[in-house]
Amino acid sequence: MSILEELKWRGLLYDASEGVAERLAKGPTTLYIGFDPTASSLHVGSLLQILGLARMQRYGHRPIALVGGGTGMIGDPSGKSHERQLLTADKVQENLVGLREQLGRFLDFGDGDGSTSDGGSGSDAALVDNGDWLMKTNLVEFLRDIGKHFTINYMMAKDSVKTRIDKEEGLSFTEFSYMLLQSYDFLVLHDSHGCELQMGGSDQWGNITAGAELVRKLRRKKAYGIVQPLVTTSSGVKFGKTESGTIWLDAERTSPYRFYQFWLNTSDADVVRYLKYFTWLTQDQISELATTHGETPQAREAHRKLASEVTAMVHGADALERAVRSSEILFGAEISDLPVAEILDVFDDVPSSHQPKEGFEGDGKALVEALVDAGLAASKGAAKRLVRDGGAYVNNRRITDERARLTSQDLLHGHLLVLRAGQKKYHLMNLAEGA
RNA sequence: GGAGGUGUGGCCGAGUGGACAAAGGCAGCAGACUGUAAAUCUGCCGGCGUAACGCCUACGGUGGUUCGAAUCCACCCGCCUCCA
């Protein structure tokens, strides 16, 4: 199976330029995907792109991950309905550091430094920053050498521009120029790394084809583009967002436990599609899981496999093991029988806090207050409602008395408290002696 | 600069002197069902409060009229449309 065929059955081939198949059939090439430093971490939405590079690498091609230290200063209007707030230079730099670190984990950089210009031999990945050339570019030269090859007519015809022109708010010249910068990146990488292909999300199609055309015009060489679909959930909710926020790839921002839970909670309608998108499982393995899921959906085998595959890939086998274990402990029925060590283990993964023990002496602390302290309820009124609705649990046992008080009797092993709101939101409280 | 319109809770959107913490919808939360899924149904959905048709805060801002204002008046601010 060729890489294109693989992308196709995975549903990852949204569009590709003419001649890509022929070019890829001829032998290894060099390709790149750009990542914008809009945050200091990538999130699950970017995972598809990263995997795109990794998949190409497995087929012998050479991937380049480009971080937008230069373009990040401008902001890509593609797929955005409003003019964006500019990031400060410091912020861009800060984010760049985080992105570099993360991207490095998914690609094989071989033994070299990855950024050499050996003309594209071998499939060792490279990591580049377009700030390295964009920040040094001279405006007048840029307009003469690059700008001259774009007509306004051509740029206005792009969807990303057109939709913004139609809006009242319009589009600043700054963002309008973004396409030129991205096209220039392609040209630079073509010259320095022999890069012939750019990949990206389908919202990047306009920018990618613009770059490919620039390479063709100026170097009289073919350049190609492949775009992958933007991930959507079947219920129309933005992928990668949960009630508690974005799911990041950084373990500091989204614990492996929550990461694992995110995938485990995938809806049935999406699970097979996500297996294709986000794992390395083969066509056979996935169709087997699809069958199992069709027959015994309640076993949730496809979900488990998805969650463990992706968690292991992003956070490693150890983190996965802990996440699974934590899930078993928390979703198990009788928590009070567990040894301290096991419960404490979960502390690393689940939102937790240390609270002074004093409040629990004597007649104890009001349950509603504890829920607010734990961040499981926004206010005492909200906490009370939660209890009244039957959504509050202490040590996995439902409490329905809104005036309940927690005393030292409720503490596991004398200092641990497991609070829960609803089915899935946990908080572990460690009551330190006199803390 | 002129004329008109508009600004309500996370969003949309009713409400033109009291019964308004403000209809309805969406989003969100919880429960039931089930499988840590979806759909559906039920309840909740400003804060405080043991509770209450109790108190506080809130209908762009400030000030006023009134026993009483989201609702009326004045000025200011934002946004929109048309004219110049």
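Residue numbers begin at 1 in each chain, while the letters A, B, ... track the order of the sequences. Keep in mind that what you see is a predicted model, and the values were worked out from it rather than measured.
One can place CG of Asp268(A) at 8 Å from C1' of G35(B), the figure rounded to the nearest angstrom. Between Lys425(A) atom NZ and C29(B) atom C1' the separation is 6 Å, expressed in whole Å. In this structure, Leu376(A) places its CG atom 12 Å from C1' of C29(B), rounding to the nearest Å. If you take CH2 of Trp263(A) and P of A37(B), they are 17 Å apart, rounded to a whole angstrom. Leu371(A) places its CG atom 16 Å from the P atom of C29(B), with the value rounded to the nearest Å. Distance His303(A) NE2 to U36(B) P: 11 Å, rounded to the nearest Å.
At a non-hydrogen distance threshold of 4.0 Å, Pro297(A) from residues 274-297 of chain A come into contact with RNA chain B.
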Carefully, step by step, assess Glu141(A) and Arg144(A) under the rule salt bridge (Lys or Arg N to Asp or Glu O under 4.0 Å).
CA-CA 5 Å; Glu141(A) 281 173 21; Arg144(A) 285 183 68 96; over 6 Å; no

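Of the possible donor and acceptor atoms, one in the side chain of Ser2(A) sits under 3.5 Å from a partner among the backbone N and O of Glu5(A). Between the side chain of Arg405(A) and the backbone N or O of Asp363(A) there is at least one donor-acceptor pair closer than 3.5 Å.
In this structure, U16(B) forms no base pair with any nucleotide, since neither Watson-Crick nor G-U wobble geometry is met with both distances under 3.5 Å. Pairing for C33(B) is absent, judged as Watson-Crick or G-U wobble with the two contacts each under 3.5 Å. Both distances falling under 3.5 Å, in either a Watson-Crick or a G-U wobble arrangement, place G78(B) opposite U6(B). The partner of C72(B), taking Watson-Crick or G-U wobble pairs whose two distances both stay under 3.5 Å, is G64(B). In this structure G28(B) sits in a base pair with C44(B), meeting the Watson-Crick or G-U test at under 3.5 Å.
Residues meeting the side-chain contact (heavy atoms from CB on, under 4.5 Å) test with Asp15(A), sequence neighbours left out: Trp205(A), Val227(A). Residues passing the side-chain contact (heavy atoms from CB on, under 4.5 Å) test with Ala16(A), sequence neighbours excluded: Leu13(A), Val20(A), Ile226(A). Under the salt bridge (Lys or Arg N to Asp or Glu O under 4.0 Å) criterion, Arg10(A) pairs with Glu6(A), sequence neighbours left out. Residues meeting the ring pair (Phe, Tyr, Trp, His ring centres under 6.0 Å) test with His61(A), sequence neighbours left out: none. Residues satisfying the side-chain contact (heavy atoms from CB on, under 4.5 Å) test with Met73(A), not counting sequence neighbours, are Ala89(A), Val92(A), Met135(A). Partners of Val340(A) according to the side-chain contact (heavy atoms from CB on, under 4.5 Å) rule, which considers only residues two or more places apart in sequence or in another chain, are Leu344(A), His413(A), His415(A), Leu416(A). Glu101(A) is linked by a salt bridge (Lys or Arg N to Asp or Glu O under 4.0 Å) to Arg105(A), counting only residues two or more places apart in sequence or in another chain.
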Polar atom pairs between nucleotides 41-43 of chain B and protein, under 3.5 Å, N or O only, would you list them?
residue : atom : partner   : partner atom : Å
G43(B)  : N2   : Asp389(A) : OD2          : 3.3

Filtered N/O pairs between nucleotides 55-59 of chain B and protein, under 3.5 Å:
none

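The same atom, P, is picked in G5(B) and in G68(B); the two are 29 Å apart, to the nearest Å. Between the P atoms of G47(B) and U57(B), the separation comes to 16 Å (whole Å). Distance noted for atom C1' between A14(B) and G7(B): 15 Å (whole Å). Using atom C1' as the reference point in both U6(B) and U16(B), the two lie 15 Å apart (nearest Å). For the C1' atoms, the distance from A21(B) to A69(B) is 15 Å, rounded to whole Å. Nucleotides U71(B) and G17(B) are separated by 6 Å at their C1' atoms, to the nearest Å. For the P atom pair drawn from C67(B) and G13(B), the interatomic distance equals 36 Å after rounding to whole Å. Across the P atoms, U40(B) and G25(B) are found 14 Å apart, a figure rounded to whole Å.
Summarising the geometry, atom OG belonging to Ser46(A) is positioned 8.5 Å from atom CG belonging to Leu103(A); distances are rounded to the nearest 0.5 Å. Note: Met199(A) CE to Met56(A) CE = 5.5 Å, rounded to the nearest 0.5 Å.
Between Gly422(A) and Tyr260(A), it is Gly422(A) whose nearest contact on RNA chain B lies nearer the 5' terminus. Position along RNA chain B of the nearest nucleotide to Gln298(A) versus Arg420(A) favours Arg420(A) as the more 5'-ward residue.
Taking the six-membered ring where the residue is Trp, the centroids of Tyr426(A) and Tyr393(A) are separated by 6.0 Å or more. Aromatic ring centres of Tyr274(A) and Phe239(A) lie closer together than 6.0 Å.
Pairs engaging residues 305-317 of chain A under the salt bridge (charged side-chain N to carboxylate O under 4.0 Å, His left out) rule: Lys305(A)-Glu309(A) [sequence neighbours left out].
Within the 4.0 angstrom heavy-atom criterion, base atoms lie near Leu264(A). Across all strands, Arg304(A) comes closer than 4.0 Å to no nucleic acid atom at all (heavy-atom distances).
The side-chain tip of Arg55(A) points at the ring of Trp280(A) from less than 6.0 angstrom away and within 45° of straight on.
In this structure, Gln423(A) reaches the G31(B) phosphate: one of its side-chain N or O atoms is under 4.0 Å from OP1 or OP2.
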A correct 5'-to-3' footprint of nucleotides 45-54 of chain B, with B, S and - meaning base, sugar-phosphate only and no protein heavy atom under 4.0 Å, is S-SSBSS---

